[in-house]
Colleague: 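Pasting a structure below so you can have a look.
Counting starts at 1 for both ligands and their atoms, following the listed order. When a residue number appears, it is its place in the shown sequence, counting from 1. None of the values given here were measured: they were computed from a predicted structure.
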Amino acid sequence: MAKTWATLGVDLHLQPAGPGVRRGLTGALREAVRTGRLAPGTRLPSSRTLAADLGIARNTVADAYADLVAEGWLTARQGSGTRVADRAPAAPPAEAARPRRAPGAPTHDLVPGTPDLASFPRAEWLRAARRALTAAPDRALGYGDPRGNLVLRTALAGYLARVRGVRTDPERLVVCSGFSHGLGILAAVLRARGASTVAVESYGLDAHWHLLERAGLRTSPLPFDERGTVTDGPGGPGGPDGPDGLEGAGAVLLTPSHQFPMGVPLSPGRRAAVVDWARRTGGLVLEDDYDGEFRYDRQPIGALQGLDPDHVVYLGTASKSLAPGLRLAWMALPPSLVEEVTAAKGRSDTCGVLDQLTLAEFITSGAYDRHVRAARLRYRRRRDALVSALAEHAPEVHATGIAAGLHAVLRLPPGTEPAVVQAAAWQNLAVHGLTRFRHPRSTATPLDALVVGYGTPPDHTWATALNALCRALP
Ligand SMILES: Cc1ncc(COP(=O)(O)O)c(C=O)c1O
């Protein structure tokens with residue numbers, strides 16, 4: 001049933017029924033602001049009043065307002081309510097040229113992997129870029145050392161030793177375009193050395209498994225229990241029915257500080273066991289320290305590489321701490337691997353020197369530490385809000401893996417994962433079930449859970465995203 005919304009004295013026809021109520025309301029309001037029917041500064045009715053006028057849920061109005069605040073059409077201030085923004089976004093040039101959101105495209109992105117891009121430290125980064133380029137000698141603009149710019153490798157060696165307990169030096173560091181680039185290079189080196197299998201965790205990113213498999217390596221999932229990945233169990237890479245284990249693998253890929261996505265750290269006994277395995281067999285441990293900077297409740301767990309720099313390759317990335325679009329990551333290599341990895345990377349450096357020099361300046365000036373500290377505080381608040389919202393609205397759902405990182409695993413009643421993922425889609429939420437992170441050959445008991453990334457939404461939409469998530473939970 002169409003309704004004319006008279007509260008503001010504007011001619012807005014809404015369709016306050018069915019699944020599209022919120023979208024209809026958001027669209028009508030946006031259109032009214034865009035065309036000037038709602039003048040800049042106009043105060044909108046409270047969500048309670050408007051919801052009562054329209055006969056719809058108050059949350060629907062609040063969500064529509066929050067969407068429009070996020071888009072810049074409205075502003076919301078404590079004490080002065082929700083108003084039409086003074087300088088609303090410029091109207092697009094032509095209707096036909098306007099990019100449209102795909103019908104049903106999610107409003108909130110809770111897929112783990114991306115940090116809050118709105119809080120990228122643009123001003124500090126630009127200042128660092130200016131200082132770095134001013135100071136760089138002309139020769140820095142040449143093809144460069146394939147391992148990456150020495151100024152960055154020196155800054156990283158100091159930073160990683162201080163913050164993550166990594167034992168390395170600039171000669172053994174190689175800069176790469178993201179963790180995945182580094183993993184691809186290592187896969188080629190392993191294959192060339194004759195390795196045929198890489199042990200991986202039962203839960204992880206399929207993109208990484210595919211990358212190894214495309215290089216000709218078999219991925220063999222390790223067992224997983226309530227204490228995380230089992231690196232101290234018997235057995236080698238299993239067949240379809242056999243036990244999985246480390247024996248016979250040429251390398252093992254692990255996320256020891258914060259298992260992705262389950263969140264458990266590798267226990268001290270299992271850390272020692274995997275290092276023993278590497279020493280005994282000559283195998284390599286590939287340590288993915290993707291979110292090592294973000295630990296909230298305790299002292300960060302030091303890098304596994306610190307236990308044995310001759311057998312562990314440490315891989316870090318700027319993708320969570322700054323932005324994945326930078327495509328900047330680094331590997332601290334055992335001495336025996338440096339030559340092969342450098343040769344496999346290619347004859348010239350593959351990462352832009354300006355970004356490398358900027359990151360070096362960002363680190364040495366202290367801006368990186370300041371940025372990480374501020375980001376840690378922001379994400380910690382989000383995590384705390386998530387835990388409180390669950391306690392209040394979904395007490396059956398238990399969040400795990402929350403001591404660190406930018407995501408949480410919400411354990412669901414058995415058999416409910418597909419329905420909850422579907423319910424989240426109805427709430428315009430992009431979120432993944434745990435099943436999609438499970439290795440196809442894993443023998444671990446399947447679990448029902450949601451993997452909720454709380455890094456991606458900008459601060460001002462986080463509360464709305466959280467409300468929508470709670471509505472989708474059992
Ligand atoms: C488990 C894990 N490892 C590594 C990365 C970083 O990958 P990259 O540096 O290629 O962006 C991510 C990013 O999402 C991740 O989730």
Colleague: Starting from atom 5 (C) of ligand 1, what is the nearest protein heavy atom, named by residue and atom, and what distance separates them?
Modeller: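 Nearest protein contact, heavy atoms only, for atom 5 (C) of ligand 1 is Tyr290 CB, 4.0 Å.
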
Colleague: Show which atoms of ligand 1 fall inside a sub-4.0 Å distance from at least one heavy-atom site of Gly178.
Modeller: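 Reading through ligand 1 atom by atom, the close ones are 9 (O), 10 (O).
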
Colleague: To which protein heavy atom is atom 10 (O) of ligand 1 closest, and what is the distance rounded to 0.1 Å?
Modeller: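 Checking every protein heavy atom, the shortest distance to atom 10 (O) of ligand 1 gives Ser180 OG, 2.8 Å.
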
Colleague: Give me the ring orientation class for Phe294 and Tyr379: parallel if the planes are under 30° apart, tilted from 30 to 60°, perpendicular past 60°.
Modeller: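 Perpendicular, since the angle between the ring planes exceeds 60°.
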
Colleague: Hey, which atoms in ligand 1 end up nearer than 4.0 Å to a heavy atom of Gly113?
Modeller: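 That gives atoms 14 (O) of ligand 1.
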
Colleague: For His181, which part has a heavy atom under 4.0 Å from ligand 1: side chain, backbone, both, or neither?
Modeller: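 It is neither; nothing of His181 touches ligand 1.
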
Colleague: Under 4.0 Å from a heavy atom of Asp288: give me the atoms of ligand 1 that qualify, with their elements.
Modeller: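 The list of qualifying atoms is 1 (C), 2 (C), 3 (N), 4 (C).
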
Colleague: Between Glu293 and Tyr368, is any side-chain donor less than 3.5 angstrom from a side-chain acceptor?
Modeller: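 Yes, a side-chain donor-acceptor pair sits under 3.5 Å.
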
Colleague: Is it true that His432 and His407 have ring centroids separated by less than 6.0 Å?
Modeller: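 Here the rings of His407 and His432 have centres that are no less than 6.0 Å from each other.
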
Colleague: Among all protein non-hydrogen atoms, which one is nearest to atom 15 (C) of ligand 1, and what is the separation to 0.1 Å?
Modeller: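 Its nearest protein heavy-atom neighbour is Leu205 CD1, 3.6 Å.
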
Colleague: Evaluate the side-chain proximity of His371 to Trp125: yes if any heavy-atom separation is below 4.5 Å, no if none is.
Modeller: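 The answer is no, as the side chains (C-beta and beyond) never meet within the 4.5 Å cut-off.
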
Colleague: How about Tyr203 and Phe260: are their ring centroids closer than 6.0 Å?
Modeller: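 Ring-ring flag for Tyr203/Phe260: false, centres at least 6.0 Å apart.
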
Colleague: In terms of atom number and element, which parts of ligand 1 are under 4.0 angstrom from non-hydrogen atoms of His208?
Modeller: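 Heavy-atom distances to His208 below 4.0 Å select 2 (C), 3 (N), 4 (C).
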
Colleague: Just need the protein heavy atom nearest to atom 12 (C) of ligand 1, so name the residue and atom and give the distance.
Modeller: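 Looking only at protein heavy atoms, the one closest to atom 12 (C) of ligand 1 is Lys320 CE, 4.1 Å.
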
Colleague: With a 4.0 Å cut-off on heavy atoms, is Arg327 touching ligand 1?
Modeller: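 Contact present.
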
Colleague: Please write down residue, atom name and distance for the protein heavy atom closest to atom 7 (O) of ligand 1.
Modeller: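 Of the protein heavy atoms, Phe179 CB, 3.6 Å lies nearest.
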
Colleague: If the cut-off is 4.0 Å to any non-hydrogen atom of Ser319, which atoms of ligand 1 fall inside it?
Modeller: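 Matching atoms, with element in brackets: 8 (P), 9 (O), 11 (O).
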
Colleague: So do the side chains of Trp330 and Leu359 get within less than 4.5 Å of each other, counting heavy atoms only?
Modeller: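 SC-SC contact between Trp330 and Leu359 confirmed.
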
Colleague: Are the side chain of Arg380 and the backbone of Tyr296 linked by a donor-acceptor contact shorter than 3.5 Å?
Modeller: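 Pair found, side chain donor or acceptor close to backbone of Tyr296.
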
Colleague: Regarding Asp225 and Arg270, does a basic nitrogen lie under 4.0 Å from an acidic carboxylate oxygen?
Modeller: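 Looking at Arg270 together with Asp225, the answer is yes, because their closest N to O distance falls below 4.0 Å.
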
